Amino acid sequence: MSKYTEEEKAYFEKEYQDLLRLCPKGRKTEDNLAMIRKAFDFACHAHEGQRRRSGEAYIIHPIEVAKITAGEIGLGTKSVICALLHDVVEDTDYTLEDIEMMFDKKVAQIIDGLTKIKSALKTKTEQAENFRKMILTLSEDARVILIKLADRLHNMRTMDAMPQHKQLKISAETRFLFAPLAHRLGLYSIKTELEDLCLKYENPVIYKEITQKLKDSEEKRQHYLNRFTIPLMIKIESLGIDYHITGRPKSIASIWNKMKTKNVVFEDIYDIFAVRVILYNIPVEDEKTISWKIYSLVTDLYQPNPDRLRDWISTPKENGYEALHTTVMGPEGRWVEVQVRTGRMDEIAERGYAAHWKYKGHSPEEGQLDRWMEKLRETLVNPHQDPVEFLDSFKLNLYTNEIYVFTPKGDLKRIPQGSTVLDFAFEIHSQVGIKTVGAKINNHKTVSLDYKLASGDQVQIITSEKQEPQAEWLDYVHTAKAKNGLREMLKSERKKKIKIGQKIAEDALAEAGIKLEEGIVRRLLNGYRQSNKQELFYKMALGQMDLSKLVQFAQKKRENRFLRYWKLGVLKDKPQEDDQAFDDKGMLILDDDSNYSIAPCCNPIPGDQIIGFKSSSGIAIHKYNCERAIYMQANTNAEIIKIKWTKKREQSFLVRVKLMGFDRMGLISDITKLISEDLNVDMRTVHFDSFNKKFEGFIDLYTHNTNHLNNLMGDINKIKGIKSIERVEKMD
Ligand code: MN
């Protein structure tokens, strides 16, 4: 037996007819109408027996929300269905699966989003957190947000029966969350109404007073409006344009704002209304010209304030708003704001982007709706222009370059766009970060450390006790937290390794009765061709140095050929133009023990143009055009030092060359023989891979300068089978 009275049933039916009238005309296919009817009947049935605090049947609420969705926002069938069903899952025993079975997957997804927002708002977390979740939902379907706004608007309109503390809580949420959101989406009339309703509950005395005063002054205002507009109407009439002029008072909330900020009383506010000139039946291509023509008519009659001219036609606001605004001096020396719009612009202004598609052809297809939904979503997440008002009340910009990902337990983490698995791991904890080997995304896909995460990903970090942080990981991380954490780890790892290396050297030398003192260290540096002892010990710990030569090097006095390192001349103050201008004057000469290092990203050798960066750990030398160096110049405040190679002494520098060609018997021995015997160049490592007769190889060798290297490469290139040889900048 139905729990609705006959009277109620008749009322619902009338409401249903109202709803249909509000639905976009082009979409009233038989199928669509049948679906709306089905949703309507199902919602009536599901909410049967439920009543709102005011005593009226609960179903009135979803019906009104559906009417707002269609009539005030301009959405289509699917949204109307969702609006009718929006509280079913939350408030009745029906589930999402039921909805999906009765309707379709999309409807179920939207209802799911609406239900999630509802429960998010119920939790005690900060509102900012809820907002983020809403934005997240948005990325799936913007209709969720629009229907939520309709829901909120109807709730705000019907809060009278609620206890005051609830009214205040809901108002606060509306003020900080929903009204800015409506503004951002260009839904001006909804935004204005929401703000007025907030004031009504938050400050009922003021609300009543202003409402009353607006009513009392209506006649006077109308009189003034006539004086202002009649001369204007005569002029517009002569152009033969279809138009409408209104003098709508400003919203109660904005009048109250003005009273507060300017510290004035109601009677002192002159521009309580704005005169709006709406021009109909204007072809889109003529809109701008005709709007400016009207502007010209207005300013022929009244003196404009040049500071208050706003041309939102040439550059529409981010939320789609278009109009021409000016403020002129009206009769009695009062400022009056005049807004000029076409019918199309007016609809966009009142109903937001939803009105756009209406003017772009009449095919009311989902695809088109999806496109403006996409545009709307972009608008929401990319506030480039004029979001000032919005940002002031809600710091949306905090979230625009960020993505939201979930831990396996469902906790939400906010990280910058472009973040990788490794960033996320460091976000959890640096101890997790350094042990990370990869991750499992959304419970199925296994990805590597440098995998870029997307919003909504659920990330399960995979760690291994055997993992050790690597220097190249710095290329995979974006967040400051991960970068700093990683650097710290690398530094302390390196320190540990250096100590281990030093111990290895000490122990090995002790067996030969040699003490590792400074003179010996210098001999070792020379023997192993390393530029500083930290590097030497570090490489020893990593097993990259041949320990069998340790004692031999420690006993060997410096040879002449590789006796000294190149000296680096550091120009103080004045940069020098060329080599001729280069002399000892004004130069700082670095000796062997000077703390400089060759940057591993570009490995410059004498002959390359170079640049130095001074830091607490010494001077890092980069190639002049090294990408890293260019980045550092632009983004750090490391001291830049103009620097050149001196020609005084010789040092050998390690470079890597890459060889490619066709493999043949004896090729590798030909190459290595040429390098080490004929050219008398030391090689450090040689690595060749051969496949399908082709080979690719790397040789690390010591060279003096670019001339030396170029000659060497020329000689190697002459070997039969070699197709190409090139220098590789980045070595490790
Ligand atoms: Mn609701």
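Every value quoted in this text rests on a predicted model; they were computed, and no experiment measured them. Whatever order the structure lists them in is the order used to number ligands and atoms, beginning at 1. Each residue takes its place number in the sequence, starting with 1.
- No donor-acceptor pair closer than 3.5 Å links the side chain of Tyr4 to the backbone N or O of Ala10.
- Looking at His86 and the Mn ion (ligand 1) together, the shortest N, O or S contact belongs to NE2.
- At distances below 3.5 Å, not a single donor-acceptor pair connects side-chain atoms of Ser419 with backbone N or O atoms of Ile415.
- Put simply, the side chain of Asp423 gets close to the backbone of His478: a donor and an acceptor are under 3.5 Å apart.
- Closest to the Mn ion (ligand 1) among the N, O or S atoms of Asp151 is OD1.
- The Mn ion (ligand 1) has an N, O or S atom of His61 under 2.8 Å away, backbone or side chain.
- Nearest N/O/S atom of Asp87 with respect to the Mn ion (ligand 1) is recorded as OD2.
- Checked against a 6.0 Å centroid threshold, the rings of Phe42 and Tyr94 count as neighbours.
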